[in-house]
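Take a look at the structure below.
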Amino acid sequence: MSKKNVAKILKAPRGTEDVLPGDWQLWRAVEETAREVFELAGYYEIRTPVFEDTNLFVRSIGEVTDIVEKEMYTFKDGDSSGITLRPESTASVMRAYVEYEIYKTKKFQKFYYIGPMFRKERPQAGRLRQFHQMGIEAIGADDPMLDAEAIIVAMRMYDKLGLPGCKVKINSIGCKECRPGYREVLKEQLIKNSENLCELCNTRMNRNVLRVLDCKNEKCKEVTAVVPDIREHICECCKSSFDGLIDILSASNIGYVIEPHLVRGLDYYTKTVFEITHPSLGARDTICAGGRYDYLVSDIGGPETGAVGFAAGIEASMLALKNSMSEMSDSTKQRLFDIKEPAPDVYIVSIGSECRRASFLLTNSLRGEGISVDMDYEDRSPKAQMRTANKLKVNFVAVIGQDEIDNGTVKLKNMQTSDENVLEKAKVAEFIKKLLLNK
RNA sequence: GUGGGCGUAGCUCAGUUGGUUAGAGCACCUGACUGUGGCUCAGGGGGCCGGGGGUUCAAAUCCCCUCGCUCACCCCA
């Protein structure tokens, strides 16, 4: 097949990317750190399907959101009502919680997840069509300590990763009782100034007024700067919840900023919302976002109970880490970025094609002893095999030629010292193991 | 969906006002006395210069279209 054809038909779809061997180090560091921190805080892994009934997302995320209106990968699956590749994972976790009636035996549960999500949008820095999130959900309690816990867990994760400069922004967006009232107040104010608001904000006024608050347009900011603060309009319940969060965060020495204009694009949020941002990312600087969603469980058919959690973008977090390399210690850099390719301890070199069978048998017998071994599969010259062994940075090369086969031996070469030892085949494994231990 | 930037070897890039068979570094492969790495040296493979059309005696180079990548906007992690 010509190269032209390969380029034309076989390319990774837009907005997806391959992680090639050798590029996995950062991924692993991020995922392993997340697991460690989440499990330390009592969260257990849950894996849900990457696709769900479309209605789950429509009902949870909200019909008049961009995600549902234009960013979902939705398709027919037989005569079902439609299947959608998950654009986020909170709804799936709640669905599982409700579907298995987990709340009947143990109402309070903590879960975490790590996995791919799908949103059909134009890719850009740190944002892909298939991207990955890691997140936690604490379901079944209203205690604002859990809101604080979510933030603390996220910050601990970034701290353990070695990412400097994260900022926590928090706000409360109220609940069913108080938010509608604030919406009205806000809308009234904005309508008076509608000619000073951008076109987009004028449509936002009808779709989701709160979003006008975080418009980046300078003129819109001027208008929203003098608009009433939502915290003066939230009910007693929301207020005490928010105060509880602030109390715990302060006592836990977590630096935070209250952002009265911080809102969320997904409908299910209530009370606490928060974001963790990183300055290296510019305008689109959120690496982690979350909050409380007290109606979500009941909305999809479960009991009335609170829930809180966050989702952290893996690609966005990795980008922040890459951007921060210059501020990292050597050991952090090594842990996050040093490429670890498969590196066998031993490479078997065959002298002549007729010895390759014996080499293969030795390779596998040494592997059976727990030694990491590889050999040449291309029937190349001894010199070429040695070159490969050198590039692999193996500790030993085991040479097998006709002499060795005749005598039942193996010639073992130490690649650092160039010393060669002729050993009985049966003793090779033991010999290598001993030397590798002393290395 | 809207706008900007960019598409030359596997990778990073040169390519002068359009002018012969398109280059470098790295990587890869082979060899330097017949069973052996690193250093050096000598060779070698590999590009329809993203694709299509146009201008011209002549296009990687100029013009148009298209595709792809990328960054930003909308939105979101």
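Below, chains carry the letters A, B, ... as their sequence lines are ordered, and counting in each starts from 1.
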What interatomic distance, in whole Å, is found between [atom1] of [M] and the corresponding atom of [N]?
| N | M | atom1 | result |
| --- | --- | --- | --- |
| B/C74 | B/G1 | C1' | 9 Å |
| B/C67 | B/G53 | C1' | 14 Å |
| B/G25 | B/A60 | P | 24 Å |
| B/A14 | B/G51 | C1' | 24 Å |
| B/U61 | B/C28 | C1' | 30 Å |
| B/U70 | B/C62 | P | 24 Å |

Query raised in the report: Under 4.0 Å between a side-chain N or O of A/Gln402 and OP1 or OP2 of B/G35?
Result: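 A/Gln402 to B/G35 OP1/OP2: no side-chain N or O under 4.0 Å.
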Requested in this report: Please state whether the phosphate of B/C74, meaning OP1 or OP2, lies under 4.0 angstrom from any side-chain nitrogen or oxygen of A/Lys120.
Outcome: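 So the side-chain polar atoms of A/Lys120 never come under 4.0 Å of the phosphate oxygens OP1 or OP2 of B/C74.
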Query raised in the report: In terms of side-chain heavy atoms, does A/Thr417 have a donor or acceptor partner in A/Asp419 at a distance below 3.5 Å?
Result: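 Per modelled atom types, A/Thr417 and A/Asp419 side chains form a pair under 3.5 Å.
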Requested in this report: Please check if any side-chain donor atom of A/Tyr295 sits under 3.5 Å from a side-chain acceptor atom of A/Thr270, or the reverse.
Outcome: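 Side chains of A/Tyr295 and A/Thr270: no pair found under 3.5 Å.
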Query raised in the report: Checking only heavy atoms, does the side chain of A/Lys413 share a donor-acceptor pair with the base of B/U36 at less than 3.5 Å?
Result: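 Side chain to base: pair present.
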Requested in this report: Enumerate, in order of first residue number, the stems that involve RNA chain B, defined as 3 or more consecutive Watson-Crick or G-U wobble pairs with both distances under 3.5 Å.
Outcome: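 Stems (3+ consecutive pairs) listed as B:1-7 with B:67-73, B:10-13 with B:23-26, B:28-32 with B:40-44, B:50-54 with B:62-66.
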Query - Close approaches to RNA chain B from residues 160-173 of chain A, in residue order (heavy atom, under 4.0 Å) - result: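 Under 4.0 Å from RNA chain B: no residue of residues 160-173 of chain A.
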Report task. Could you pull out all residues at least two apart from A/Arg380 that satisfy side chain to side chain donor-acceptor pair (under 3.5 Å)? Result ->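 A/Arg380 satisfies side chain to side chain donor-acceptor pair (under 3.5 Å) with A/Thr388 only.
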Query raised in the report: Counting side-chain heavy atoms from CB outward, which of B/C69, B/C28, B/A72 is closest to A/Arg122?
Result: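 Between B/C69, B/C28, B/A72, the one nearest the side chain of A/Arg122 would be B/A72.
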Query raised in the report: What is the distance, rounded to the nearest whole Å, between atom CZ of A/Arg387 and atom P of B/A32?
Result: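 To the nearest whole Å, that distance equals 10 Å.
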